[in-house]
Amino acid sequence: MIEIEIVTTPRLTAFPVFLAFSRGYFEEEDVLVRVRALKSYEAVLAHLREGRAEAGEIPFTAWAHQQLKKTSPHWTFYRGVILSCLVHGFYSASYMEAESIRDSYHSFLPILHPYSLDRFVAEEFFRSENYHRRKPVPYLTTRPTLLAHEFIRAECLGAAASLQEYPFFGEKGYCLTVENEIPPYYLPTNMLVFTGRFASKFPEEANRVSRAIKKAMEDLANHVAYEGDSFVADWVGPCPWKPGELDGFYRRSVPELGKILSGMPSFEDVRFVMEMYGKTFPSLDGGKKILENLAHSVADNPFPKFPTSITQTNSKLYHGYYSNGKSKFGNIVKDISPLRSLVSEMKELALSLFLGRREVSLDTQLPKSPFLFIRSTVNAILDYLNQEIRDIEEKNKRLSEDNYLLETRLDISDLKRQTTEERYRYMFEFATDAMIIVNADTRMIVDANRRFREVSGYQTSEIKNIRLARVLPDILEQTELKSPGGKDQNMTFIPEAGLILKDGTKFSVGLSVTGFSAETKRFYQIQVNDNALILESEKIKHEFISNISHELRSPMTNIQGYFDLLFSNDQLSLDKDQKEMTDVIRKNVRRLNFLIDNLLQLEKKDSQTSEEMYEIFDPLTVIEEVLYINSPSASESGLTVTTNLSEGLKLKGVRFEFSQIITNFFVNAIKYTEKGGIDVSLKKLSDKKVEVRFTDTGIGIDPKYKELIFERFFRIPDQRNRTVGGTGLGLSISRTLINKMGGEVIVEPNQKGGSIFKVILPLYSE
């Protein structure tokens, strides 16, 4: 079994070849076939010329051009099956009336191949008497992969093509062919051809390949499904098309598909194609007659059989046409020696290339020449180089367009930046709070808004380039400001600082410092707040907390007393449900007392007026007391409490406050641990520090809330917190008391689940 390679283009019209391959029709004909889709007709023709493929899909007019150049049987393409007969039209990417396109001055038209039917249809369209264009339309050879991009360009007038070949025209294009400027013929678009060498050596195999493809075309035309109810349900090997495109093309009515896939165009249709092609070469004597004969041969014999189809025509007409004694570059007589003629034409070719004429080639219309292989090889090399040059030009054009787009985007970005700067400048200048901008490296004030100038007494020209220390001496220390950028690009709050006015007056202010970077420089934005309002607000808040706490304390004391007195009576008998109710009352009374204690402690700490007496105490005894009091709650929840407490350690501070710290952390661990246990440890870290650690197996803490849990009234927003309840004051009070003792608190995740709270305090040493 002989192996044959068929090369096609990425057009939907080549699908019958792939369908015959996937359905095994070639194997049924006892022929082994490989099918490969190339990027363009140029690539297909190059493979056929170089002998790298035995058959290929080429434009119908490209085959006609080969017939006019008929040289020798081995270097001629012999036609097999006509793969499609399609109705062509002129399509525009933007909607416009037909009159508009006739008078348009756009001068760009993408054409796939110099010998494709698209080019000749376009030329026929612009030669029509209804088209009033004032200058000729240039054509551009465009690869199929670039056609869609070129088609939607603003300077593109349109493209002449078939809607069936390019489905995207149906989405983006409008057919502008009217008044029969291009008759609605089913024109033979593309066909399968065999190389002369293959058809001469294996004529029967060529006939089998044609029969297999013809069978696939008949299946498509009659909607014959092979597997399933869709054409695309078949495995089609290296088919490059999407299922939707295939269905959209082949699910049309059977009569229309019969005309498209019959492979038997009418004589009028073929002659119309030959006439369009012949108008491109008006100076060829005898050429029109040859094209007429070709049209008859196609219409009379749509499925040629080999080897009878290989016979060379040797009439006087062909002999006269091929012996006109003219070459492409001048009047070179053909009776001189073939080598001298080749050298002379090579010189002319080199000169033409030097002058920038790329679309030139050596004459291969010689009936007999010992150097025909050299001529064809040189032409193939020129075709390849020209295509590479076109690709490079296309890339350069894309790069130029990308560069233009980048420049446009840069201009837009610059405009947006200027608009943003102006907006920020307006907001900064007319902000209600006093603000200044400081250079982070030089500590010089570079700008101040109107409110700051009014407060400080400085004018615009005076405030700039003044050292920050002259206005705000309390933030002179480098460590008090965070460096802009990275994680430090957060706001730093300084609750109390001194602001020196222009006249030397100094008063207390609060500062909010934010670091940021701009144009490789680092800056601080400092917002100045009047502490008088802040202090007044704090005073009102403290008074409210103090009043409400004391007001709650009295009734809660009475409730607690009467409750204890009532249930201390031995004669009081309660059933099981009543005892559960009393337990609920007792727990809630204890909870309210704990809340009131926290509020009173918060007010006492913030008021800054109490005179606590510091003492030296053993933290072990305080921790044991707290655990003893609160362990029943842990037992009720089924939790185990373990301890590892070192002896002989001393702390300096307020014993009650330390007890409050331990209570808050231990009670929190009980509240947020459903099962498992709690471990409390006390150990010496160094000669100067001691650590109290609380480890639980509870629900844990999301890392993003590690700092927020120490804020007043903050509670993690989840269903567990809503069930447990609380005020969000315990951890805030605890950290404040820890800071007061000169310590710190650290939160870490427990690898076994839950959280670890480390309280690190200074160890007292005499």
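Values below: all heavy atoms of this structure, side chains included; hydrogens, waters and symmetry mates excluded.
Look at Asp30 and Arg211 and you find no salt bridge, because none of the NZ, NE, NH1 or NH2 atoms lies under 4.0 Å from a carboxylate O.
There is a side-chain donor-acceptor pair under 3.5 Å between Asp219 and Tyr25. In the model, Asp269 has a side-chain atom that pairs as donor or acceptor with a side-chain atom of Ser266 under 3.5 Å.
Side-chain atoms of Leu83 and Glu57, non-hydrogen and from C-beta on, do get closer than 4.5 Å to each other. Contact of the Phe15 side chain with the Met217 side chain is not registered, since no non-hydrogen atoms from C-beta on lie closer than 4.5 Å. Contact check for Glu205 versus Phe198: side-chain heavy atoms found under the 4.5 Å cut-off. For the pair Pro304 and Tyr78, the minimum side-chain heavy-atom distance is 4.5 Å or more. Side chains of Val273 and Phe60 form a contact here, defined as non-hydrogen atoms less than 4.5 Å apart. Two residues are said to be in side-chain contact when any heavy atoms from C-beta on lie closer than 4.5 Å; Asn190 and Pro59 fail this criterion.
The backbone N or O of Leu19 sits less than 3.5 Å from a side-chain atom of Ser22, completing a donor-acceptor pair. With hydrogens and angles ignored, the 3.5 Å screen pairs a side-chain donor or acceptor of Ser262 with a backbone N or O of Met264. Looking only at distances, a side-chain donor or acceptor of Thr189 sits under 3.5 Å from a matching main-chain atom of Leu187.
The nearest pair of heavy atoms linking Trp63 to Val193 is CD1-CG1, 4.1 Å. Across all their heavy atoms, Leu117 and Pro188 have their closest contact at CD2-O, 3.8 Å. Heavy atoms only, all atoms of each residue included: Ala20 and Ala212 are closest at CB-O, 3.7 Å.
Annotation: side chain to side chain contact (heavy atoms under 4.5 Å, CB included) contacts of Glu218 (sequence neighbours excluded): Lys214, Asn222.
The number of heavy atoms from other shown groups lying within 6.0 Å of CD (Glu27) does not exceed 12.
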